[in-house]
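Note that the structure is a prediction, hence the values are computed from the model and not measured.
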Amino acid sequence: MEEAISLREFFKTIRKRLSLIILLTFLAIIITGIISYFVLTPVYQMSTEILVNQSPAETGQLTDLNIQTDLQLIKTYSGIIKSPIILDQVMNEMNLAMTTDELAEKITVSNADQSQIMNISVQDEDSKVAMEIANTTANVFKNNIMDLMNVDNVTILSPAVLKGNPVAVFPNPVLNMAIATVVGLMLGVVIAFLLEYLDTTMKDQEDIKDILKIPLLGVISPIVEKAEIVEIEKMTFKRKGVIVDGQEKASPADST
């Protein structure tokens, strides 16, 4: 667009199309709310915490070297937890009708920086299934780590527990509607300016000067029909009190 839009024109267009912008924004919020609450399937997340700690050294004390070794092992353990050797056992114990890759996509293994605590999080459409997968995965991993790594330094700190009213982690209706508000506003503004850009009609003398690039010499007033003139005069007289209820009376101004 070659023409620059001034700030005054911007707000003029916004004010002119304000109803359209508000309508599109409310439509976006309503549609997003309906989809979030009634269409999308909620997904629940359950987590199990595991402590990775080295057995005390022969001196009977934990050293910094032991802790650093455990921190380095956590990355290895994260890969082992999501490997087929662990997940296949989990599927067999729970009789899950899914592939190893599908189960691995449900599981997330993480730990905070410089922390020996690992977190196994499982997301599923059924909160009870998510809890059972998290706890079964932790138990299978703990029982197999001795054979795999020849170490015994895994302790389950906090198993996943199903609470009374679990809160779904997806979808987030409030966040979705907040995003829809922003998107609806942006869409409304874009459509408003698009309609304004496509509207080539001249509405006032300013449009004529801007489009034709010639000075304005005069303005022709609207031509009023005779019947309309009579009606306008009657209305004017009524305001002045000259004609009331079809009878001509003296104007209050004249009576004084």
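- More than 12 heavy atoms of other shown residues, nucleotides or ligands fall within 6.0 angstrom of atom NZ in Lys16.
- When the side chains of ILVMFWY residues are joined at heavy-atom separations under 4.5 Å, either directly or via intervening members, Ile29 and Leu187 end up in two distinct hydrophobic clusters.
- For the pair Gln116 and Asn111, the minimum side-chain heavy-atom distance is 4.5 Å or more.
- Of all non-hydrogen atoms in Lys106 and Met98, the two that sit nearest each other are CE-CE, 3.6 Å.
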- Message: Run the side chain to side chain contact (heavy atoms under 4.5 Å, CB included) test on Leu157 and Ile50 for me, step by step, so that the C-alpha distance in whole Å, both residues' side-chain angles and the decisive distance to 0.1 Å come before the verdict.
- Response: CA-CA 5 Å; Leu157 282 182; Ile50 294 176; over 6 Å; no

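- For the residue pair Tyr44 and Pro166, the shortest heavy atom distance occurs at CE2-O, 3.5 Å.
- Using a 4.5 Å heavy-atom threshold, the side chains of Glu49 and Ile156 count as separate.
- Taking both residues in full, the closest heavy atoms of Met46 and Ser127 are given as CG-O, 3.7 Å, listed atom of the first, atom of the second, then distance.
- Interatomic distance, OG of Ser158 versus CD1 of Ile117, reported as 9.5 Å (0.5 Å rounding).
- Contact annotation: the side chain of Glu196 never approaches that of Lys12 to less than 4.5 Å [non-hydrogen atoms, C-beta and beyond].
- For the pair Ser121 and Gln123, the minimum side-chain heavy-atom distance is 4.5 Å or more.
- Residues Leu103 and Leu96 are in side-chain contact: their nearest non-hydrogen atoms beyond the backbone lie under 4.5 Å apart.
- Put simply, OG1 on Thr41 and CG on Asp124 are 11.0 Å apart, with the number rounded to the nearest 0.5 Å.
- Of all the heavy atoms in Met131 and Leu162, the pair that sits closest is SD-N, 3.4 Å.
- The side-chain heavy atoms of Thr181 and Thr25, taken from C-beta on, include a pair separated by under 4.5 Å.
- No side-chain N or O of Asn176 forms a donor-acceptor pair with one of Thr32 less than 3.5 Å apart.
- Within the 4.5 Å cutoff, side-chain heavy atoms of Glu93 are placed close to those of Val140.
- Checked against Val122 for a side-chain contact (heavy atoms from CB on, under 4.5 Å), the options Thr108, Thr136, Val129, Ile107 give a single hit: Ile107.
- Atom CE of Met149 has more than 12 heavy atoms from other residues, nucleotides or ligands within 6.0 Å.
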- CA sep, side-chain torsions, deciding dist, call: Thr201, Asp199, side chain to side chain donor-acceptor pair (under 3.5 Å): CA-CA 6 Å; Thr201 58; Asp199 187 3; 2.7 Å; yes

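- A donor atom on one side chain and an acceptor atom on the other are not found under 3.5 Å apart for Asn119 and Thr48.
- Under the 6.0 Å cut-off for aromatic ring centres, Phe193 and Phe10 qualify, their centroids lying closer than that.
- Rounded to the nearest 0.5 angstrom, Leu20 CG and Leu195 CG are separated by 6.5 Å.
- Under a 3.5 Å cut-off, the side chain of Ser36 and the backbone N or O of Gly33 do not form any donor-acceptor pair.
- No continuous path of ILVMFWY side-chain contacts below 4.5 Å connects Val182 to Phe26, so the two sit in separate hydrophobic clusters.
- Ile34 and Val174 fall into different hydrophobic clusters, where Ile, Leu, Val, Met, Phe, Trp and Tyr are joined by side-chain heavy atoms under 4.5 Å apart, directly or via other members.
- With rounding to the nearest 0.5 angstrom, the NZ atom of Lys82 is 12.5 Å from the OG1 atom of Thr100.
- Heavy-atom minimum distance, Pro171 versus Pro42: CD-CA, 3.9 Å.
- Criterion: ILVMFWY side-chain heavy atoms under 4.5 Å apart, direct or through other members. Under it, Val189 and Val183 are not part of a common hydrophobic cluster.
- Atoms CD1 and OG, from Ile120 and Ser110 in turn, are 9.5 Å apart once rounded to the nearest 0.5 Å.
- Separating the OG1 atom in Thr13 from the CD1 atom in Ile21 is a distance of 9.0 Å, to the nearest 0.5 Å.
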- Full working for side chain to side chain contact (heavy atoms under 4.5 Å, CB included) between Asn144 and Ile85: CA-CA 9 Å; Asn144 285 269; Ile85 195 171; 5.6 Å; no

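- Residues Met118 and Val109 are in side-chain contact: their nearest non-hydrogen atoms beyond the backbone lie under 4.5 Å apart.
- The heavy-atom pair separating Gly188 from Leu24 by the smallest distance is CA-CD1, 3.5 Å.
- Note on ring orientation: taking the six-membered ring where Trp is involved, the planes of Tyr77 and Phe141 are perpendicular (angle over 60°, cut-offs 30° and 60°).
- A single hydrophobic cluster is seen to contain both Met94 and Leu87, as judged by linkage of ILVMFWY side chains at heavy-atom distances under 4.5 Å, directly or through other members.
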